[in-house]
Amino acid sequence: MQVIYDGDLPGALRLNSEFHLLLAECAQMPLLTNFINSLWMRAGPLVAEAYEYFSQRMAIEHHQEILEALRAGNGKLARQAIQEDILDGNQKMVAFLNSGRQ
């Protein structure tokens, strides 16, 4: 993602949000889409503050793994990559909050 390499935080956050919403839309899960959108509206400002604290793995590599699994038609691997993205994000956010950097 060029926006991350360029240090374009607003662009990176926008693309991150769009990626997660697109996954739910492609899965034809409107309730999940609404949930993600609602969650993003609530957590977005905190994610913006913490984004620089996150690793490149979380910002880029998880999403690449998800896309590769979907392209290969491997639902099990895609599910695992999505779970890892969520769990890694949770761990990084908790570490950010505990660091007192916000």
Side-chain angles (χ1 to χ4, degrees):
M1 293 181 88
Q2 191 62 43
V3 292
I4 291 175
Y5 298 126
D6 291 345
D8 178 3
L9 179 62
L13 290 168
R14 179 182 51 79
L15 290 174
N16 186 36
S17 172
E18 289 176 5
F19 177 81
H20 289 278
L21 286 167
L22 183 61
L23 286 177
E25 289 173 15
C26 288
Q28 299 179 352
M29 299 179 78
L31 291 176
L32 180 60
T33 302
N34 289 337
F35 176 74
I36 291 171
N37 194 36
S38 174
L39 187 60
W40 186 258
M41 295 302 291
R42 293 176 188 176
L46 181 58
V47 172
E49 281 187 54
Y51 208 75
E52 292 181 26
Y53 186 74
F54 296 159
S55 66
Q56 179 174 329
R57 171 149 176 74
M58 193 182 135
I60 299 172
E61 293 173 17
H62 284 305
H63 295 174
Q64 289 175 334
E65 291 167 0
I66 293 166
L67 290 174
E68 288 170 10
L70 291 172
R71 285 183 185 122
N74 189 332
K76 182 178 178 181
L77 192 57
R79 183 172 39 258
Q80 180 181 344
I82 290 168
Q83 288 173 343
E84 288 176 10
D85 187 33
I86 292 168
L87 293 174
D88 193 20
N90 178 60
Q91 291 172 351
K92 297 288 191 226
M93 186 60 74
V94 168
F96 172 77
L97 292 171
N98 287 335
S99 75
R101 294 172 68 176
Q102 73 274 13

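On a predicted model such as this, the values are computed, not experimentally measured, just so you know.
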With rounding to the nearest 0.5 Å, note down the distance linking [atom1] in [X] to [atom2] in [Y].
X     : Y     : atom1 : atom2 : value
Ile36 : Met29 : CD1   : CE    : 9.0 Å
Glu18 : Trp40 : CD    : CH2   : 10.0 Å
Leu32 : Glu25 : CG    : CD    : 10.0 Å
Leu97 : Leu46 : CG    : CG    : 5.5 Å
Arg71 : Ile66 : CZ    : CD1   : 11.5 Å
Glu65 : Glu68 : CD    : CD    : 7.0 Å

Problem - Test item: side-chain donor near acceptor, Glu84 and Gln80, under 3.5 Å - result: yes
How close do [X] and [Y] get, heavy atom to heavy atom, and via which atoms?
X     : Y     : value
Ala81 : His62 : O-ND1, 4.3 Å
Ala69 : Ala78 : CB-N, 3.3 Å
Leu21 : Thr33 : CD2-O, 3.6 Å

Practice task
Give me the ring orientation class for His20 and His63: parallel if the planes are under 30° apart, tilted from 30 to 60°, perpendicular past 60°.
Solution key: perpendicular
Problem - Heavy-atom side-chain contact between Leu70 and Leu23 under 4.5 Å - result: yes
Exercise for the section: Return yes if some donor-acceptor pair links the side-chain N/O of Ser17 with the main-chain N/O of Leu13 below 3.5 Å, else return no. Expected result: no
Handout entry: Common cluster, Phe19/Ile86, ILVMFWY with side-chain heavy-atom separation under 4.5 Å
Key = yes
